[in-house]
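The figures here come from the full heavy-atom set of this structure, side chains too, leaving out hydrogens, waters and symmetry mates.
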Amino acid sequence: MVNMPAVVCVGSFSGIRALWEGRIQKHQEELKEENERRARASVGQISNIWESRIQLSRLKEKVFNEDGRLILRIEKEEWKTLPPCLVKIPQLQEWQIHRTGLTAIPTFIAHFTNLLVLDLSRNSIAKIPREIGKLTKLRELLLSYNRISDIPAELCTCESLEKLDLSVNRDISDLPSQLSSLARLIHLDLSMNQFASIPRAVVEMPALEWLDMGSNRLKDLPQDIDRMQHVHALWLQRNEISHLPDSIGSMRNLSTLVLCNNQMRGIPKSLQSLSNLWFVNFRDNPLELQVTLPKCEDDDEDRELFGLEFMNAYIEESFRLGTTGRSFVSM
């Protein structure tokens, strides 16, 4: 048997060595990158923690105790969003945040179950989160001068709500029917929006006393408006209302009725049935009868030329002309 001399492939050993060293170098680079990533993440976490602490410290500086009530008050500072660290002050009873550019009500609002007043007027809020329904102690929700267009049905579970201000949002056109269950709501402001009629939810609110629907697109009022028996102030200025239903004369608690800047052609006699009515305004309506009030002996400068005295004089003139049986007067 002939022994063959061993052949050493120098090139093969060199290639394997280079490949191995390359892999080691790549592993070391990956390990270095991972360590750097973890270091950055750690620094980021530390930075976030410190930022959160700084934000919380800033917020705590804006918390005031007034008559035993904790109030968060922010005015004319830029807070487009509210930081999650705010949940560390859950005992807050009022938020008063105005002119901050706030774009959203945070969903963590649900944690603030002690809130009595949520005043976020004059911001840029476009949506009310469904979590608002968790605020069962809330008495006042003030969201005027925002950009809201839809109202969540969950608002109906704010069972303590007494005042709701959605004025000057400009795009709200309806309310969920579920809001009729707001048994304690007495003050509702829907002015300067896009309502074409008074929502059924409003007509059926059992305790409502004050309603402002001025500067909308109302053309008429519901025939059963007399269901709103507790309403004493009804503001309907700057709409397109041309006549009133006779049932309005059965709103026995109505004391203020504002109808200026509408399309009223006449005044119904049924209004004289309102024994508590003390202030009305029919100014800037295309009324068909020309009624001139007698001169006032006392020369009262505060005399309302289109007020209660005018209304009664107009109805009497309508009666004289034999037109009192109509919802509006025509010559």
Side-chain angles (χ1 to χ4, degrees), residues 59 62-63 69-75 79-195 199-202 204-208 210-213:
L59 289 169
K62 302 178 187 306
V63 175
R69 182 179 292 190
L70 285 180
I71 302 172
L72 173 65
R73 182 176 294 123
I74 306 176
E75 299 272 355
W79 289 80
K80 292 186 177 180
T81 59
L82 294 173
C85 63
L86 186 56
V87 299
K88 294 184 179 181
I89 323 176
Q91 65 272 31
L92 289 172
Q93 293 171 288
E94 286 192 30
W95 287 12
Q96 296 180 7
I97 303 175
H98 309 143
R99 301 178 187 273
T100 66
L102 187 67
T103 59
I105 301 174
T107 55
F108 61 71
I109 190 75
H111 293 277
F112 294 84
T113 54
N114 291 314
L115 271 182
L116 302 176
V117 177
L118 182 57
D119 184 356
L120 304 177
S121 52
R122 297 184 182 275
N123 283 292
S124 301
I125 298 167
K127 183 179 180 181
I128 304 174
R130 292 180 297 175
E131 288 78 3
I132 197 79
K134 301 293 185 181
L135 307 182
T136 57
K137 295 181 182 178
L138 192 66
R139 296 177 188 171
E140 297 185 15
L141 178 58
L142 312 177
L143 296 171
S144 62
Y145 291 89
N146 276 285
R147 300 175 182 177
I148 299 165
S149 58
D150 296 306
I151 309 301
E154 287 78 4
L155 185 60
C156 73
T157 57
C158 294
E159 57 189 30
S160 301
L161 199 62
E162 298 174 358
K163 182 176 181 179
L164 177 59
D165 188 349
L166 297 170
S167 62
V168 202
N169 275 276
R170 303 189 183 280
D171 289 326
I172 304 175
S173 60
D174 201 5
L175 296 180
S177 60
Q178 293 90 335
L179 297 196
S180 63
S181 65
L182 291 172
R184 298 184 182 181
L185 191 69
I186 60 176
H187 182 116
L188 179 60
D189 194 339
L190 300 174
S191 60
M192 295 190 72
N193 279 290
Q194 293 296 319
F195 290 95
R200 289 307 305 170
V202 175
E204 296 172 6
M205 287 175 177
L208 194 63
W210 196 99
L211 174 63
D212 190 343
M213 293 202 68

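Contact between Leu118 and Leu138 at its shortest, heavy atoms only, is N-CD1, 3.7 Å. Nearest approach of Ala207 to Ile186, heavy atoms of both residues: O-CG2, 3.5 Å.
Under the 3.5 Å distance criterion, the side-chain polar atoms of Thr103 are left unmatched by any main-chain donor or acceptor of Ser124. A donor-acceptor contact shorter than 3.5 Å is absent between the side chain of Asn123 and the backbone of Ile125. Counting only distance, with no hydrogens or angles, the side chain of Asn169 and the backbone of Ile148 share a donor-acceptor pair below 3.5 Å. Gln93 contributes a side-chain N or O that, together with a main-chain N or O of Leu70, makes up a donor-acceptor pair within less than 3.5 Å.
Atoms CG and CG, on Leu182 and Leu188 in that order, are 9.5 Å from each other to the nearest 0.5 Å. Between Cys156 atom SG and Ile132 atom CD1 the span is 12.5 Å, to the nearest 0.5 Å. Atom CD1 of Ile128 and atom CG of Leu166 lie 6.0 Å apart (nearest 0.5 Å). Taking CZ from Arg184 and CD from Glu162, the interatomic distance works out to 7.5 Å, rounded to the nearest 0.5 Å. Distance OG/Ser180 to CG/Leu208: 12.0 Å, rounded to 0.5 Å. Once rounded to the nearest 0.5 Å, the distance linking CG of Leu211 with OG of Ser191 reads 9.5 Å.
Applying the salt bridge (Lys or Arg N to Asp or Glu O under 4.0 Å) test to every pair with at least one member in residues 113-126, sequence neighbours left out, gives no pairs at all. Residue pairs satisfying the ring-ring contact (aromatic ring centres under 6.0 Å, His included) criterion with at least one member in residues 152-195, sequence neighbours excluded, are listed as follows: His187-Trp210. Annotation: ring-ring contact (aromatic ring centres under 6.0 Å, His included) contacts involving residues 90-133, sequence neighbours excluded, comprise Trp95-Phe112. Within the structure, the salt bridge (Lys or Arg N to Asp or Glu O under 4.0 Å) test picks out no pair touching residues 164-177 (sequence neighbours left out).
When the side chain to side chain donor-acceptor pair (under 3.5 Å) test is applied to Glu140, no partner is found at least two apart in sequence or on another chain. Remark: Ser144 engages no residue in a side chain to side chain donor-acceptor pair (under 3.5 Å) (not counting sequence neighbours).
No side-chain heavy atom of Leu179 sits less than 4.5 Å from a side-chain heavy atom of Leu185. Counting heavy atoms from C-beta on, the side chains of Leu115 and Ile109 come closer than 4.5 Å. With contacts defined as side-chain heavy-atom distances shorter than 4.5 Å, the pair Val202/Leu190 qualifies. Looking only at side-chain heavy atoms (C-beta outward), Thr136 and Thr113 stay at 4.5 Å or farther from each other.
Here the options are Asn114, Leu86, Ile71, Leu116, the test is side chain to side chain contact (heavy atoms under 4.5 Å, CB included), and the partner is Leu92; only Leu86 passes.
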